[in-house]
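See below for the structure under consideration.
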2 protein chains.
Amino acid sequence: MLTLPYMSLRKEILDVSKDLLIKDGFSKMSMRRIAKRANVTATSIYLHFKNKDDLLLALIEESIHNLKEVLVEVMDPSKGFIQQLEEMARAYIRFALEHPKEYEIIYMVRPEEMPKYPREKFNEVRNAYELLAGIISDGKANSLIDVDDPLICAYTIWAQIHGVVSVILNRRLDTRIPQQKFIDQAVDHIIQGFIIQKTPA
Amino acid sequence: MLTLPYMSLRKEILDVSKDLLIKDGFSKMSMRRIAKRANVTATSIYLHFKNKDDLLLALIEESIHNLKEVLVEVMDPSKGFIQQLEEMARAYIRFALEHPKEYEIIYMVRPEEMPKYPREKFNEVRNAYELLAGIISDGKANSLIDVDDPLICAYTIWAQIHGVVSVILNRRLDTRIPQQKFIDQAVDHIIQGFIIQKTPA
DNA sequence: CTGTTTACTTAACAGTGTTAACCTTACCGT
DNA sequence: ACGGTAAGGTTAACACTGTTAAGTAAACAG
């Protein structure tokens, strides 16, 4: 009727869903509520998405894309190797803490309700890993770090950072511990963990 | 009617819920389904639990208890400091991978649906951290590690290990990477990350 | 033999995801 | 210009969901 025609309904649904998810929480993101905000009926959503999981998956994809953009932005080969790594780690953490709900969208969706196919959807992040692995490869070539497989190393680092973020976002961090100190120390630990430390025998 | 009377309904509900959650997944764990398996009606559950979140919280508590037991079991002050740390890390990972659903119960429940009070429920894990912090304190006293606050360090290590586990359980690990290699390397990195490495100036 | 408590039930409310069937509007080939 | 078709939406319904109010039946206390 009086819908603005310059935006496709699919995009509108995605935007409304994300807004609902971020502002009102997962449980409030129902098909009927989404539909109401988009000025359509719930069934119309099924014209653009197979089902609710499919819609969620599209949201995940979008958020992954945003995270990747931040990481790529901060990559700068002109900078020192270690510095580059630290800046990436901090950019990752910053993204997660500044957009906690968006980060949640990426990781906190129950996998059981996801079929197998979405694995391919994560190819975009995979690219980011490979970039990271590239950086690590350079460091290895310069004998700055001690690592077998740069790709494994990239995943290891990422997993550890995700753990740090996850603990904070899940509110599992002891209230006696100041968050920033925790982050600083964690980043230090993570980076130190694979820097070469040849004890001069 | 023909319920076995030697088990309280509360415990029965917990057991049935956990079984349902583990075997059939979160979405299948509905109040009516739980009730049916426990040979009661759904409303009876509300006599023992405030609501579904309350029931979930009790499940989380139970699982946290089990995880803690495994960790405490593996603690052995007679062993070397580093070895003890590594064994705890591996025990943690082993628990998570052997009982993935139970681990999920602990961490993957959406926090938004949890009110503030459950913070206290995590005191039991907090104890485990303090034991870990104690171990780290000893290492610090012996100048084996370089760390300011042992409690922060304990949380850092735990967060990193959780990250590793989380990546595996969420199936976010690149299929080209062998899981065991990933784990080994991660554990190495994490432990190396805070071992003292004074470059003899 | 009452009164109260305990443990449970039935019935209902408001909401959920999803599907089948229907209606409009727009475009396309003849 | 006209009929067919397909896109993009609708209504109505199904089988569920968590949760609550009210009722019931048994056990126990005075």
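Numbers restart at 1 for each chain; the letters A, B, ... are given by sequence-line order, proteins then strands.
A close approach under 4.0 Å does occur between a side-chain nitrogen or oxygen of B:Thr41 and OP1 or OP2 of C:dT9.
Rounded to an integer number of Å, the gap from A:Leu47 CG to C:dG17 C1' is 15 Å. Between the NE2 atom of B:His48 and the C1' atom of C:dC8 there is a distance of 10 Å, rounded to whole Å. Between the C1' atom of D:dG9 and the CD1 atom of A:Ile34 lies a distance of 17 Å, rounded to the nearest Å. Taking atom CG on A:Leu55 and atom P on C:dT16, their separation rounds to 14 Å, with Å as the unit. In this structure, the CG atom of B:Asn39 is 13 Å from the C1' atom of C:dC8, given to the nearest Å. Atom CD1 of A:Ile13 and atom P of C:dG17 are 13 Å apart (whole Å). Put simply, CZ on B:Phe26 is 16 Å from P on C:dT16, counting in whole angstrom units. When rounded to the nearest whole Å, the span between NZ of A:Lys36 and C1' of C:dA14 equals 12 Å.
B:Val147 places a side-chain heavy atom less than 4.5 Å from the side chain of A:Gln185. Taking 4.5 Å as the limit, every side-chain heavy atom of B:Lys23 sits out of range of all side-chain heavy atoms of B:Lys101. Contact check for A:Leu132 versus A:Leu85: side-chain heavy atoms found under the 4.5 Å cut-off.
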Spell out protein contact along nucleotides 14-21 of chain D as letters: B when the base is contacted, S when just the sugar-phosphate is, - when no protein heavy atom is under 4.0 Å; keep the 5' to 3' order. ---BBBBB
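Computed from C1' positions of five pairs at each end, the angle between the two local axes of the helix from C:dC1-D:dG30 to C:dT30-D:dA1 equals 10°, rounded to 10 degrees.
Salt bridge B:Arg33/B:Asp24: absent, no basic N to carboxylate O contact under 4.0 Å. A salt bridge is defined here as a Lys NZ or Arg NE, NH1 or NH2 lying under 4.0 Å from an Asp or Glu carboxylate O, and A:Glu61 with A:Lys68 fails to meet this definition.
Only one option out of A:Arg10, A:Met29, A:Lys50 pairs with A:Leu55 in a side chain to side chain contact (heavy atoms under 4.5 Å, CB included); it is A:Met29.
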Would you check, one step at a time, whether the test salt bridge (Lys or Arg N to Asp or Glu O under 4.0 Å) holds for A:Lys181 with B:Asp149? CA-CA 10 Å; A:Lys181 199 171 177 186; B:Asp149 183 339; 5.1 Å; no
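Between A:Tyr155 and A:Tyr129, the ring planes lie tilted relative to each other; the angle falls in the 30° to 60° range. Taking the six-membered ring where the residue is Trp, A:Phe81 and A:Phe194 present perpendicular rings, their angle passing 60° and hence far from 30°.
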